[in-house]
Asker: 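The following block contains the structure, expressed as structure tokens.
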Amino acid sequence: MLTINNLHVKLEEEDKPILKGVNLTVEAGKVHAIMGPNGSGKSTLSYVLSGKDGYEVTDGTVNLNGQDVFGMEPEERSSAGMFLAFQYPVEIPGVGNMTFLRTAVNAQRKSRGEEEMSAAEFLKIVRLRAKELKIDADMLKRPVNVGFSGGEKKRNEILQMAMLEPKICILDETDSGLDVDAMKLVADGVNSLRNSNRGFLVITHYQRLLDHIKPDYVHIMADGQIVKTGGPDLALEVENNGYKDLLAGVA
């Protein structure tokens, strides 16, 4: 589904290498978690995959279902099935949540040559998805993320994910700033979207999120590379012993 091969990336302004040969394949139906110390390149990977400005790809390839990701603009990547849940979702004053969601859904449908969703059909589906994700109907009437708590912002992104139905979902430290109850609600929303046709790449610092979103694979990133891969027990090892001994063993 998502294939990253020998990816090298640098910061444009500082001419500083960040990713130094990342190799990773995320299969349909699987959840891959990436952990690593600060500065290891985890969030940079998510930014580059989604098409954020300020980074230069100096080597390597990324393919999504056989399509060259770097040959697409960010909106084309989204239409092709890529979704990024931000660490800090932005507020959009003056733009209603419902308007934003319907515009996004129909923009993608149009780009794929599909018929746009009518207002009645959209309203029926968004209400159903919101109910499944335990999102208060009042949130749908408010401007996007304005006045939302941290947990509400993250759940709103999960609602966006549910409506857009992406093929690959990238969660960049989606547990950041959440209390235990909010994190569990967000994790439940993610788990409800897991299926055999959708892959997940979950970037996190902590095991606590992976207690709720059970990964199939855990990867440790350090100095711009994936240096170790294992199962869920690898995250527990990091939780119990930290990165120092683990990375010393790799070196």
Side-chain angles (χ1 to χ4, degrees), residues 1-2 4 7 9 11 18-19 22 24-26 30-55 57 62 64 69-70 72 74-75 77-78 80-92 104 133 144-145 148-164 166-179 182-191 193-194 198-226 235 238 243:
M1 176 167 282
L2 179 70
I4 303 168
L7 181 60
V9 172
L11 278 173
I18 304 294
L19 302 183
V22 175
L24 179 65
T25 299
V26 179
K30 301 296 183 181
V31 175
H32 289 247
I34 293 184
M35 304 179 72
N38 288 330
S40 58
K42 304 185 302 297
S43 288
T44 294
L45 177 61
S46 70
Y47 297 155
V48 171
L49 291 176
S50 62
K52 184 176 180 179
D53 291 336
Y55 299 91
V57 176
V62 175
L64 176 60
V69 166
F70 296 140
M72 305 177 188
E75 61 271 22
R77 301 179 195 195
S78 178
M82 185 178 290
F83 182 95
L84 172 63
F86 294 98
Q87 183 176 356
Y88 301 109
V90 298
E91 297 182 3
I92 310 178
L133 296 169
V144 180
N145 292 329
F148 286 21
S149 67
E152 286 176 329
K153 288 181 179 180
K154 299 298 175 72
R155 277 188 286 149
N156 199 37
E157 282 204 313
I158 303 305
L159 176 60
Q160 294 167 19
M161 192 188 305
M163 292 301 298
L164 293 172
K167 297 181 177 70
I168 180 75
C169 305
I170 304 166
L171 310 181
D172 181 23
E173 298 191 30
T174 197
D175 53 333
S176 179
L178 299 184
D179 61 29
M183 183 177 60
K184 189 174 186 306
L185 280 172
V186 169
D188 287 345
V190 171
N191 287 330
L193 298 176
R194 292 175 70 163
R198 181 173 295 130
F200 283 84
L201 183 59
V202 179
I203 297 169
T204 183
H205 272 297
Y206 305 111
Q207 161 66 28
R208 62 178 192 160
L209 179 64
L210 304 183
D211 286 336
H212 303 290
I213 302 175
K214 303 292 186 183
D216 297 289
Y217 301 97
V218 175
H219 310 276
I220 305 300
M221 182 175 275
D223 194 27
Q225 293 181 309
I226 291 174
V238 169
Y243 293 109

Asker: For the CD1 atom of I170 and the OG atom of S43, what is their distance to the nearest 0.5 Å?
Answerer: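 Answer rounded to 0.5 Å: 11.5 Å.
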Asker: Can you confirm whether L64 sits close enough to R77 that some side-chain heavy atom of one is under 4.5 Å from a side-chain heavy atom of the other?
Answerer: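 No, side chains not in contact.
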Asker: For the CG atom of L45 and the CD1 atom of I226, what is their distance to the nearest 0.5 Å?
Answerer: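 The CD1 atom of I226 is 7.0 Å from CG of L45, to the nearest 0.5 Å.
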Asker: Any side-chain heavy-atom pair from L49 and L201 closer than 4.5 angstrom?
Answerer: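 Yes - at least one pair of side-chain heavy atoms lies under 4.5 Å apart.
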Asker: Evaluate the side-chain proximity of V48 to I18: yes if any heavy-atom separation is below 4.5 Å, no if none is.
Answerer: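 Not in contact.
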Asker: Report yes or no: does N191 contribute a side-chain atom to a donor-acceptor pair with the main-chain N or O of A187 at less than 3.5 Å?
Answerer: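 Yes: the side chain of N191 pairs with the backbone of A187.
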Asker: Kindly compute the distance separating CG (N156) from CZ (F148), expressed to the nearest 0.5 Å.
Answerer: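 Going from CG on N156 over to CZ on F148, the span is 5.0 Å.
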Asker: Flag the pair I213 / R194 as yes when at least one side-chain heavy-atom distance between them is below 4.5 Å, and no otherwise.
Answerer: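 Side chain of I213 against side chain of R194, heavy atoms only: contact under 4.5 Å found.
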Asker: I want to check something: taking the side chain as every heavy atom from C-beta on, are V26 and M1 in contact at a cut-off of under 4.5 Å?
Answerer: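 Result no, sub-4.5 Å side-chain heavy-atom pair not found.
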Asker: In terms of relative ring orientation, are Y47 and Y55 parallel, tilted or perpendicular, with 30° and 60° separating the classes?
Answerer: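 Ring orientation of Y47 relative to Y55: tilted.
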Asker: Measuring from atom CG of L164 to atom CD of E157, what distance do you get when rounded to the nearest 0.5 angstrom?
Answerer: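 The CG atom of L164 sits 11.0 Å away from the CD atom of E157.
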Asker: So which heavy atom on K154 is nearest to which on F86, and how close?
Answerer: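 Closest heavy-atom pair between K154 and F86: CE-O, 3.9 Å.
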Asker: Is the shortest heavy-atom distance from the side chain of E173 to the side chain of K42 under 4.5 Å?
Answerer: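 They are in side-chain contact.
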Asker: On a heavy-atom basis, which atom in I34 and which in M221 lie closest, and how many Å separate them?
Answerer: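 Smallest heavy-atom distance, with atoms named: CG2-CB, 4.1 Å.
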Asker: Write down the atom of L193, the atom of R198, and the distance for their closest heavy-atom approach.
Answerer: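 For L193 versus R198, the nearest heavy atoms are O-NH1, 2.7 Å.
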Asker: Report the distance from atom CG of L2 to atom CD1 of I168, rounding to the nearest 0.5 Å.
Answerer: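 Taking CG in L2 and CD1 in I168, the distance rounds to 5.0 Å.
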Asker: Identify the heavy atoms of K30 and D216 that sit nearest to each other, and give their distance.
Answerer: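 For K30 versus D216, the nearest heavy atoms are CA-OD2, 3.3 Å.
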Asker: Looking at K167 and A80, what are the two nearest heavy atoms and their distance?
Answerer: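 That closest heavy-atom pairing would be NZ-O, 3.7 Å.
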Asker: Any chance you could measure L159, atom CG, to E152, atom CD, to the nearest 0.5 Å?
Answerer: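 These two atoms lie 12.5 Å from each other.
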Asker: Identify the two heavy atoms, one from M35 and one from L210, that lie closest to each other, and give their separation to 0.1 Å.
Answerer: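 Scanning both residues, the minimum pair turns out to be SD-CD1, 4.0 Å.
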Asker: Does any N or O in the side chain of D172 come within less than 3.5 Å of the main-chain N or O of L84, such that one atom is a donor and the other an acceptor?
Answerer: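 Judged by distance alone, no pair lies under 3.5 Å.
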Asker: Among all residues two or more places apart in sequence or in another chain, which pass the side chain to side chain donor-acceptor pair (under 3.5 Å) test with S50?
Answerer: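 Applying side chain to side chain donor-acceptor pair (under 3.5 Å) to S50 gives none.
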Asker: Just do the side chain to side chain contact (heavy atoms under 4.5 Å, CB included) check on F70 and L7 with the steps written out, would you?
Answerer: CA-CA 11 Å; F70 296 140; L7 181 60; 3.7 Å; yes
Asker: Between L171 and M161, is there a side-chain heavy-atom distance shorter than 4.5 Å?
Answerer: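 A side-chain contact under 4.5 Å exists here.
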Asker: Do V31 and V190 have side chains that get closer than 4.5 Å, going by heavy atoms?
Answerer: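 With C-beta onward as the side chain, the pair stays apart.
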